[in-house]
Number of protein chains: 2
Amino acid sequence: MTDVGTASTPMGSIDPIEVLVTADLVILTIQNGILKVALVVRGEDPFEGQFALPGGFLRVGENNLDAAKRELEEETGLDPGRLALEQVGSYSDVDRDPRGRVITCAFLAIAPDLPNPRPRRGSDARSASWVNVFHGADIKVALAFDHDQILRDAIRQAQRKLQYSTIATAFCLPEFTIGELREVYEAVWNTSLDRANFHRKVKNASEFIVPTGRTRHPKGNRGRPAELYRAGEGVELLNPILRGTLARS
Amino acid sequence: MTDVGTASTPMGSIDPIEVLVTADLVILTIQNGILKVALVVRGEDPFEGQFALPGGFLRVGENNLDAAKRELEEETGLDPGRLALEQVGSYSDVDRDPRGRVITCAFLAIAPDLPNPRPRRGSDARSASWVNVFHGADIKVALAFDHDQILRDAIRQAQRKLQYSTIATAFCLPEFTIGELREVYEAVWNTSLDRANFHRKVKNASEFIVPTGRTRHPKGNRGRPAELYRAGEGVELLNPILRGTLARS
DNA sequence: GCAAAAGTGTTGTCGTTACACCCATGC
DNA sequence: GCATGGGTGTAACGACAACACTTTTGC
C-alpha cells in the first residue's frame with residue numbers, strides 16, 4: 001500500500017492508523033416462542049471462557065459482509081445466502097479490545113428455527129450455543145468485549161424493524177402460519193399481542209404474506225388447522241405494526 | 001500490537017488484514033427550502049478535482065465518532081457538540097479505494113442553516129461547498145469513491161427518520177415555527193405537504209415541539225406572526241408521520 | 001381593503017382496539 | 001361433547017386527508 005497518510009495531510013505530522021477489523025454476528029432465532037441469540041464461549045485470551053458473539057477477522061479479498069457470511073457459515077452451518085443479514089453498526093472504541101486497535105462491524109442475522117440450528121464448534125470458540133435473550137424484562141448481558149452493547153443495539157434494531165418492515169418472515173420457515181408469525185412478534189418484543197387483531201392486520205397488509213392454499217394442524221393435533229402462508233414480495237409495511245398495545249392471548 | 005492474527009486462527013495459515021479507516025460525513029442542511037449536502041473538491045489523487053464527501057483518516061486515540069466530529073469541525077467549523085450525528089453504515093468493498101485497503105464508516109450530520117454554514121477550506125480538500133441534493137426527482141450523483149452510494153443511503157436514512165423520530169428539529173435553529181418544520185419535511189422528502197394537517201399533527205404529537213410563547217414575523221413582514229417552538233424531549237414519534245400523501249401548498 | 005401566511009373547523013373515510021363469537025379438528 | 005387453537009364480526013374510537021374557513025399582521 002502506498003503511503004496515503006502523509007500525502008493526505010499537508011502538515012505531514014499526523015499519520016492515519018492501521019487497525020484490524022472483525023465482523024461480529026448477532027444471530028437471532030426463535031425456539032418454542034423464546035428469542036435466542038447464538039453465543040460462543042471464547043477458547044482463548046482475552047476473555048477466555050466467557051460468552052461472546054461469534055465473529056472473526058476480515059481477510060484479504062473480503063469486505064465486511066463477506067466476512068460476516070463466512071463466519072456465519074463457519075459457526076452455525078447455516079447457508080448465508082438464505083438468511084437476512086444486515087448491518088447494525090461499527091464499534092471502534094480505543095479500548096474495546098485489550099489486544100490492540102480492533103474495530104468491529106456488527107451484523108444482525110435472522111434465522112428460522114432449523115432442524116439443527118446449534119452453532120458448530122468454531123475455529124476460535126470453545127463451544128457455541130443458543131442463549132435466551134430475555135431474562136424477565138431485561139436483556140441478557142455479561143459478554144466479552146463490548147458485545148453486550150452490540151447485542152442490545154441489535155435487539156433494538158430487530159424490534160424496530162418488525163414495526164416497519166416484513167422482516168419477521170425471516171424468522172419463519174418458508175411456509176408458516178399467522179400464529180407462528182405472531183409468536184415472532186411476541187418473542188422479539190417480549191410481550192403478547194391480541195390474536196384476532198394481529199391476524200386481520202397481517203392478512204390485510206399488502207405484500208406481507210401470501211396464502212399457499214395448504215394447511216397445517218396445530219401442535220398436539222388439537223384445534224382447527226391453520227392456513228399456511230409464505231413471505232410476500234413487500235419489504236416495507238405501509239401501515240406499521242406499532243408496539244404499544246398489549247392484550248391478552 | 002501483539003500478533004492476534006495467527007493466535008486466533010489455530011490453522012495458522014490465515015492472517016487477518018490490517019486496513020486504514022476513514023470517517024466520512026454526509027452533512028445535510030436546508031437553505032431556502034432546498035436540501036443541501038456539504039461536498040469537497042478533492043485536492044489530490046485519487047479522484048483529484050472531483051466532488052466527494054468530507055472525511056478523513058482515523059487517528060491514534062480516536063474512535064470513529066471522534067474522527068467524524070473532528071472532521072466535521074475541520075471542514076465546516078460547526079460545533080460537533082450541537083449537531084445530530086449518527087452512523088449510516090460501514091463501506092468496505094475491496095476495490096473502493098484505489099490506494100489500497102480502506103474502509104469507511106459513514107456518518108449523517110444534520111445542521112440548521114447557520115449564518116455561515118459554508119464548509120471551510122479543509123486540509124485534504126481544494127474547496128468545499130453546499131450542493132443541492134435533488135435535481136428534479138433524482139439524487140445528485142457522480143462523487144468520488146463509493147460516495148454516491150453512501151449519499152443515497154444517508155438520504156434514505158434521513159427520510160426514514162423523519163417519519164418515526166423527532167430528528168427534523170435538528171435542521172432548525174433553537175427556536176422555529178411550524179412552517180419551518182414543515183419545510184424540513186418537504187425539503188428532505190422532496191415533496192409538498194398539506195399545511196393545515198401538518199400543523200395539527202406536529203402540534204398534537206407528544207414531546208415533539210414545545211411552545212415558547214414568543215412569535216416571529218414572516219419573511220417580508222407580510223402575514224400573521226407565527227408561534228415559535230423549541231424541540232421537545234421526545235425522540236420517537238408515537239404516531240409516525242408517514243410519507244404517501246402529498247397535497248398542495 | 002388587500003395580500004400573505006398562520007391557524008382552526010368540519011366531514012368522510014379508514015385503521016385500530018377490545019372483545020364477543022363462530023369454525024374446524026382430535027380426542 | 002369438550003378442549004384447543006384458527007378465524008370472523010362488530011361497535012366505539014381515534015387518526016387522517018381534503019378543503020373551506022377564520023385570524024392576524026404589514027402595507
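Please read all numbers here as calculations on a predicted model, not as lab measurements.
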Suppose we call a contact any N or O donor and acceptor under 3.5 Å apart; does that hold for the side chain of [X] and the base of [N]?
X      : N     : result
A/R216 : D/dG6 : no
A/R222 : D/dG6 : no
A/R195 : D/dG7 : yes

Upstream residue (5' side of DNA chain C) when B/N197 and B/E180 are each assigned their closest nucleotide: B/E180
For [X] and [N], what is the distance between atoms [atom1] and [atom2] respectively, to the nearest whole Å?
X      : N      : atom1 : atom2 : value
B/R200 : C/dA6  : CZ    : P     : 15 Å
A/L181 : D/dG6  : CG    : P     : 12 Å
B/L193 : C/dA6  : CG    : P     : 14 Å
A/N204 : D/dG7  : CG    : P     : 13 Å
B/F198 : C/dA6  : CZ    : C1'   : 14 Å
B/I178 : C/dT8  : CD1   : C1'   : 12 Å
B/H217 : D/dC27 : NE2   : C1'   : 13 Å
A/D194 : D/dG7  : CG    : C1'   : 12 Å

Pair A/D153, A/Q149: side-chain N/O donor-acceptor within cut-off below 3.5 Å: yes
Nucleic acid contacts - residues 224-240 of chain A versus DNA chain C, non-hydrogen atoms under 4.0 Å: A/R224, A/P225, A/N239, A/P240
Presence of salt bridge, A/E180 and A/R216, under 4.0 angstrom: yes
A/R230/A/E207 salt bridge by N-O under 4.0 Å criterion: no
Side chain to side chain, B/E236 and B/S165, heavy atoms closer than 4.5 Å: no
Close side-chain approach of A/N239 to A/N204, heavy-atom, < 4.5 Å: no
Atom CG of B/N32 with >12 non-hydrogen neighbours under 6.0 angstrom: no
Strictly below 4.0 Å: does [X] bring a side-chain N or O up to OP1 or OP2 of [N]?
X      : N      : answer
B/H199 : C/dT8  : yes
A/K201 : C/dT17 : no
A/K219 : D/dG5  : no

Between CD on residue A/Q159 and OH on residue A/Y185, distance to nearest 0.5 Å: 12.5 Å
Comparing B/I241 and B/A196 on DNA chain D - which has the more 5′ nearest nucleotide: B/I241
